[in-house]
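To start, the structure itself, in structure tokens.
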Number of protein chains: 2
Amino acid sequence: MKNRTIENAWRGAERCKNCAIRHLVLFADLTHDDFDRIHHPIDDIEFKPGSRIYLQGDQMPFVYTVRSGLIKLVQHLPNGDRRIVRILSQGDLAGLENLDGQPASHEAVTMDHVRVCRIPRSIIESLKRDTPRLHDALLQRWQKALSGAENWITRLSTGNAKSRVARLLLLLDENSEDDSFFLPTREDMGAMLGITTESASKMTAEFRRNGLLRPLENHRAWIDVRELRNQFD
Amino acid sequence: MKNRTIENAWRGAERCKNCAIRHLVLFADLTHDDFDRIHHPIDDIEFKPGSRIYLQGDQMPFVYTVRSGLIKLVQHLPNGDRRIVRILSQGDLAGLENLDGQPASHEAVTMDHVRVCRIPRSIIESLKRDTPRLHDALLQRWQKALSGAENWITRLSTGNAKSRVARLLLLLDENSEDDSFFLPTREDMGAMLGITTESASKMTAEFRRNGLLRPLENHRAWIDVRELRNQFD
DNA sequence: ACACCGCATTGAAAATATTCAATAGTGGTT
DNA sequence: AACCACTATTGAATATTTTCAATGCGGTGT
């Protein structure tokens with residue numbers, strides 16, 4: 001049990017009602033009655049950086065709401081190449097694609113310290129039957145996932161290495177609530193952008209030398225948003 | 001009216017019940033009662049190659065079920081670059097993303113001769129309220145769209161130009177019912193793969209010289225699936 | 001048949017990205 | 001503080017891709 005820890009597990013949905021980020025999560029619009037229909041436990045789980053939440057091919061009995069941290073979705077090609085196809089952050093749902101019992105088409109790995117709520121699929125199933133409010137919340141998640149994936153294609157997989165890195169930094173910055181953001185390893189940046197680790201490193205280093213990127217403590221960083229947008233939108 | 005023709009419009013949902021490809025479309029599982037709830041007209045429309053069905057930024061009052069042909073979804077970057085983010089074929093739904101009234105995040109353009117059924121959004125809205133069967137059909141469409149987009153990233157935007165072209169040809173071939181398939185212009189291939197028109201052309205020409213690709217009449221082509229898969233999965 | 005237009009192909013030079021290998025940081029551990 | 005493991009950076013040689021320009025090819029309309 002090297003990577004994964006359950007630090008703070010608790011039972012039932014009682015605390016969902018008072019969840020600090022409830023306005024952001026799947027259950028945002030549920031009523032008190034809806035919550036009372038939840039009989040299976042929802043666990044609050046923490047993962048260390050680099051933990052695998054689920055694997056490509058897994059049958060998933062759970063979905064996960066991201067409370068904090070970043071999760072990368074990694075798809076493996078038969079030839080061994082890997083590509084990060086999307087990043088999940090606060091309020092996103094991991095495992096959405098597998099709600100209908102399909103095996104996962106990618107694996108989910110934490111990039112930094114991550115807290116999630118683990119929701120049994122059966123809860124979603126039964127709520128889906130009874131509450132249209134959940135339907136809309138799920139549809140919104142699908143919508144966001146799809147437009148995220150399309151953005152990934154146009155913004156992060158198009159143009160030369162420098163623009164790609166620039167657009168990735170801008171995306172990471174937008175997704176952060178803070179005015180700093182988590183800066184992935186160069187290897188992960190490469191896998192997100194479809195370029196090599198070294199190329200990601202060269203571009204990142206160049207931005208740093210130009211003062212457009214400032215690394216901070218703890219794998220976090222700051223960027224000159226205005227200037228980066230100016231040069232690369 | 002250069003690009004768009006309505007050759008064969010008809011009213012109401014009567015003919016949906018007997019549609020030849022109904023098993024493939026959104027309305028596959030509707031009952032007779034469900035159909036009787038449809039009061040707005042569903043039109044059968046044909047488009048010439050290169051017709052714009054909707055534009056990036058449009059508010060869409062319709063969704064479109066593809067009956068035959070291929071539709072490209074094109075996203076424009078602020079800097080003028082464009083990228084094709086997905087292709088729709090028989091049974092797919094164009095405009096899914098915009099069911100909730102959001103402006104379209106990409107434009108939809110026909111690649112060859114295309115027949116669609118144009119469904120007013122209001123029909124979907126009202127059916128959604130009453131029939132859970134439609135819900136599942138919609139969810140399946142979302143699922144397919146998302147996994148399509150992720151595949152696009154890993155298979156078509158990763159690796160060198162030659163593998164990308166090979167994987168695109170394989171994808172086009174799989175999506176075709178025929179044993180031949182529609183071969184896009186080199187420009188479109190480039191926009192799908194994030195490479196230049198010339199690179200797409202060079203790779204395509206090389207495959208032709210190697211006998212792995214045989215162009216046929218009418219922009220269609222045949223590939224040596226086994227050999228291409230062997231070399232590029 | 002002819003000219004014409006748009007798309008495809010090709011080649012050579014220039015730009016960009018990858019590879020491989022060495023060096024430098026960085027954080028964590030003893 | 002010294003050490004270790006891991007990641008980042010950098011440089012030089014190589015490979016790939018883009019760019020730009022020329023040429024070929026196929027169908028359309030006259």
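Chain A is the first sequence line, chain B the second, and so forth, proteins listed ahead of strands; every chain is numbered from 1. Treat the numbers as computed from the prediction; the structure is a model and nothing was measured.
- Using a 4.5 Å cut-off on side-chain heavy atoms (C-beta onward), B/Thr110 and B/His113 make no contact.
- Judged by closest nucleotide on DNA chain C, B/Pro184 is the one of A/Gly194 and B/Pro184 placed further toward the 5' end.
- The overall bend of the helix from C/dA1-D/dT30 to C/dT30-D/dA1, read as the angle between its terminal helix axes built from five base pairs each, is 40° when rounded to 10 degrees.
- Under the 4.5 Å side-chain criterion, counting only non-hydrogen atoms from C-beta, B/Ser157 is in contact with A/Arg83.
- Residues B/Leu73 and B/Ile84 form no side-chain contact, since every pair of their non-hydrogen atoms from C-beta on lies 4.5 Å or further apart.
- One can place CG of B/Leu183 at 8 Å from P of C/dA8, the figure rounded to the nearest angstrom.
- One can place CZ of B/Arg208 at 11 Å from C1' of C/dT10, the figure rounded to the nearest angstrom.
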Check the pair B/Glu97 / B/Arg86 against salt bridge (charged side-chain N to carboxylate O under 4.0 Å, His left out), numbers first and verdict last. CA-CA 13 Å; B/Glu97 299 82 350; B/Arg86 207 147 34 88; 2.7 Å; yes
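- Side chains of A/Val225 and A/Leu169 form no contact here, defined as non-hydrogen atoms less than 4.5 Å apart.
- A cation-pi arrangement is not found for A/Arg118 relative to A/Tyr64, the charged atom failing to lie both closer than 6.0 Å to the ring centre and inside a 45° cone about the ring normal.
- Within the 4.5 Å cutoff, no side-chain heavy atoms of A/Ile153 are placed close to those of A/Asn151.
- Ion pairing between B/Lys144 and B/Asp92 holds under the 4.0 Å rule for side-chain N and carboxylate O.
- Side chains of A/Ile223 and A/Leu172 form no contact here, defined as non-hydrogen atoms less than 4.5 Å apart.
- B/Asp112 places no side-chain N or O within 3.5 Å of a backbone atom of B/Pro49 that could act as its donor or acceptor partner.
- Judged by distance alone, with hydrogens and angles left aside, the side-chain atoms of B/Gln59 form no donor-acceptor pair with the main-chain N or O of B/Gln102 at under 3.5 Å.
- Put simply, the side chain of A/Ile21 reaches to within 4.5 Å of the side chain of A/Gln90, judged on heavy atoms.
- Ring geometry, A/His219 versus A/Phe182: the interplanar angle falls under 30°, so the pair is classed parallel (tilted spans 30 to 60°).
- Residues of residues 158-167 of chain A having a heavy atom closer than 4.0 Å to DNA chain C, listed by number: A/Asn160, A/Ala161.
- Taking a heavy-atom distance under 4.0 Å as the criterion, the stretch of DNA chain D touched by chain B extends 5' to 3' from D/dT17 to D/dC20.
- As judged by a 4.0 angstrom heavy-atom cut-off over every strand, B/Ser201 is placed among the base-contacting residues.
- Looking at residues two or more places apart in sequence or on another chain, you find a side chain to side chain donor-acceptor pair (under 3.5 Å) between A/Glu107 and A/His76.
- When atom types are taken as modelled, the side chain of A/Arg229 and the backbone of A/Leu170 share no donor-acceptor pair closer than 3.5 angstrom.
- Within residues 69-76 of chain B, no residue places a heavy atom under 4.0 Å from DNA chain D.
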Protein-to-nucleotide contact annotation, 5' to 3' order, nucleotides 19-30 of chain C [B base; S sugar-phosphate only; - none; under 4.0 Å, heavy atom]: BB----------
